[in-house]
Amino acid sequence: MTELPIDPTPGPAGEDDQPATAAHACQLLLDGNKWFVELGNRPESSPRRWHLIRLDAADIGISDDPNAAPAHEPFAAVLGCSDARVPAELVLGRAAGDLFMVRVAGNVPGTWSIGSIDFAVDSLSSLRLVAVIGHTSCQAIGASVDAFLSPASYLAVAAKLPLRAIVDSILPAVGCAAQALTQAHGQEIARHPGYRDALVELSVMLNCALTASVLRQTFAHKLGTTLDVVYGVYNLKSRIVGLPDGPDPTAWMPMLTQPPEDEAEVVALGRALATTGFITALLAA
Ligand SMILES: [Zn+2]
């Protein structure tokens, strides 16, 4: 039996786990995601090999005191998709206890998801950030795009109220994305074979932005330097949380950014994202 070497790479959690500002909390999540991206890029990494990561007890939620429950002191609340490929603590390189997690298909804003975040904002004094994290190739967004493109398929969804609630929540982002693609590439673009894929990915981004916008309005009276609302999209291929950037189809800029403040900013964001290399490459396929 081959003995595996102990990886000297420290675990994802850093020393400074309780940021004082929203900007610092944001940076911790981006640093954690960078750690996760680099972990997968190491030459010894492959799906068939174990990768040993050094963690201490606190990283996996075990208290120093065996008779005490760990303190509940997350520094960020994350609204993410239920998709099994996007485990938030891993993707953001954070330890157990760092994130107040709400996961729902399509990371949509609803009564229960916003209610959960409302609890965190109101009751957890450690909280510095609310982050909406979507992901590429989201199947909840795909179902909404299909309902948008084919009204007949929406009738099947309409009879299933729980699923319909999710699809209905996403449809505004899909409509906005469709408008942005038309403005950027012309009316005929809807006939292109890559149109559905482009519409799904652009809808993912705008759904994140619109969801974050809802949260920003909901908690507006509490926001400032010690609490902010941001969003980003996890790219399933590169594993980077951010947004596409520039003409390179593979360029994904690491970022967590503030949502648009009004309708004009949503439209401008949609148009800008529709002309990135990532989206235009899907339309060229
Ligand atoms: Zn998803």
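Numbering of residues begins at 1 and proceeds along the displayed sequence. What you see is a predicted model; the values in this text were computed from it and never measured.
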Asker: Give every residue pair that meets the salt bridge (charged side-chain N to carboxylate O under 4.0 Å, His left out) criterion with at least one member in residues 77-87, sequence neighbours excluded.
Answerer: Asp83-Arg85
Asker: What's the spacing between His24 NE2 and Asp31 CG if we round to 0.5 Å?
Answerer: 7.5 Å
Asker: Output the distance between atom CG (Leu39) and atom CG (Leu90), rounded to the nearest 0.5 Å.
Answerer: 9.0 Å
Asker: Could you tell me whether the side chain of Arg103 and the main chain of Cys81 form a donor-acceptor pair under 3.5 Å?
Answerer: yes
Asker: Under a 3.5 Å distance rule, please check whether Ser82 uses its side chain to pair with a backbone N or O of Ala105 as donor and acceptor.
Answerer: yes
Asker: Considering all heavy atoms of both residues, which atom of Pro74 and which atom of Leu124 are nearest to each other, and what is their separation?
Answerer: CG-CD1, 3.7 Å
Asker: Sub-3.5 Å donor-acceptor pair from the side chain of Thr276 to the main-chain atoms of Ala272, do we have one?
Answerer: no
Asker: Going from CG on Asn33 to CD1 on Ile133, what distance comes out if it is rounded to the nearest 0.5 angstrom?
Answerer: 8.5 Å
Asker: Any non-hydrogen side-chain atom of Ile240 less than 4.5 Å from a side-chain atom of Lys34?
Answerer: no
Asker: Which residue pairs satisfy the salt bridge (charged side-chain N to carboxylate O under 4.0 Å, His left out) criterion with at least one member in residues 109-133, sequence neighbours excluded?
Answerer: Asp122-Lys222
Asker: Within the 4.5 Å heavy-atom criterion, are Phe36 and Leu92 side-chain neighbours or not?
Answerer: no
Asker: Minimum heavy-atom separation for Ser113 and Leu79, please, with both atom names.
Answerer: CB-CD1, 4.0 Å
Asker: Would you call Leu243 and Met253 a side-chain contact if the rule is heavy atoms closer than 4.5 Å?
Answerer: no
Asker: Between atom CZ of Phe75 and atom CD of Gln18, what is the distance when rounded to the nearest 0.5 Å?
Answerer: 8.0 Å
Asker: Side-chain heavy atoms nearer than 4.5 Å, only ILVMFWY residues, links allowed to pass through others: does that put Leu273 and Val266 together?
Answerer: no
Asker: At their closest point, which heavy atom of Ala147 faces which heavy atom of Tyr154, and how far apart are they?
Answerer: CB-CD1, 3.5 Å
Asker: Would you mind reporting whether His192 and His185 have side-chain heavy atoms less than 4.5 Å apart?
Answerer: no
Asker: Could you list the donor-acceptor pairs under 3.5 angstrom formed by side chains in residues 203-214, with sequence neighbours left out?
Answerer:
unit_1 : atom_1 : unit_2 : atom_2 : d
Ser203 : OG     : Leu199 : O      : 2.6
Asn207 : ND2    : Gly106 : O      : 2.8
Thr211 : OG1    : Asn107 : O      : 3.4
Thr211 : OG1    : Asn207 : O      : 2.7
Ser213 : OG     : Pro260 : O      : 3.3

Asker: So, do Leu29 and Leu99 sit near enough that their side-chain heavy atoms are less than 4.5 Å apart?
Answerer: yes
Asker: Determine whether Val241 and Met255 satisfy the following criterion, side-chain contact (heavy atoms from CB on, under 4.5 Å), listing intermediate values before the conclusion.
Answerer: CA-CA 6 Å; Val241 172; Met255 69 168 83; over 6 Å; no
Asker: Examine distances only and state if a side-chain atom of Ser169 and a backbone atom of Ala165 form a donor-acceptor pair shorter than 3.5 Å.
Answerer: yes
Asker: Taking all non-hydrogen atoms of both residues, which atom of Leu202 and which atom of Ile279 are closest, and how far apart?
Answerer: N-CD1, 3.9 Å
Asker: Identify, with sequence neighbours excluded, every residue that meets ring pair (Phe, Tyr, Trp, His ring centres under 6.0 Å) alongside Tyr234.
Answerer: none
Asker: What pairs with Arg271 under salt bridge (charged side-chain N to carboxylate O under 4.0 Å, His left out), at least two apart in sequence or on another chain?
Answerer: none
Asker: Can you tell me if Glu201 uses its side chain to pair, donor with acceptor, with the backbone of Ser137 under 3.5 Å?
Answerer: yes
Asker: In this structure, would Met101 and Val230 fall into the same cluster of hydrophobic residues linked by side-chain contacts under 4.5 Å?
Answerer: yes
Asker: Give, for atom CG of Leu227 and atom NE2 of His221, the distance between the pair rounded to the nearest 0.5 Å.
Answerer: 10.0 Å
Asker: Any link between Val267 and Leu181 through a network of hydrophobic side chains (Ile, Leu, Val, Met, Phe, Trp, Tyr) touching at under 4.5 Å?
Answerer: no
Asker: Taking all atoms of both residues into account, what is the closest heavy-atom pair of Ser238 and Trp252, and its distance?
Answerer: OG-CB, 4.3 Å
Asker: How close do Tyr231 and Gln258 get, counting heavy atoms only, and between which atoms?
Answerer: CE2-O, 3.6 Å
Asker: What residue pairs, at least two apart or across chains, pass salt bridge (charged side-chain N to carboxylate O under 4.0 Å, His left out) with a residue in residues 225-249?
Answerer: Arg216-Asp228
Asker: I'd like to know if the side chain of Thr136 and the backbone of Leu236 have a donor-acceptor N/O pair within less than 3.5 Å.
Answerer: yes
Asker: Would you give the length of the straight line joining atom CD of Gln27 to atom CG of Leu129, rounded to the nearest 0.5 angstrom?
Answerer: 11.5 Å
Asker: What's the verdict on side-chain contact (heavy atoms from CB on, under 4.5 Å) for Tyr195 and Leu149, showing C-alpha distance, side-chain angles and the deciding distance?
Answerer: CA-CA 10 Å; Tyr195 181 72; Leu149 294 176; 3.8 Å; yes
Asker: With a sphere of 6.0 Å drawn around CD of Glu265, does it hold more than 12 non-hydrogen atoms of other residues, nucleotides or ligands?
Answerer: yes
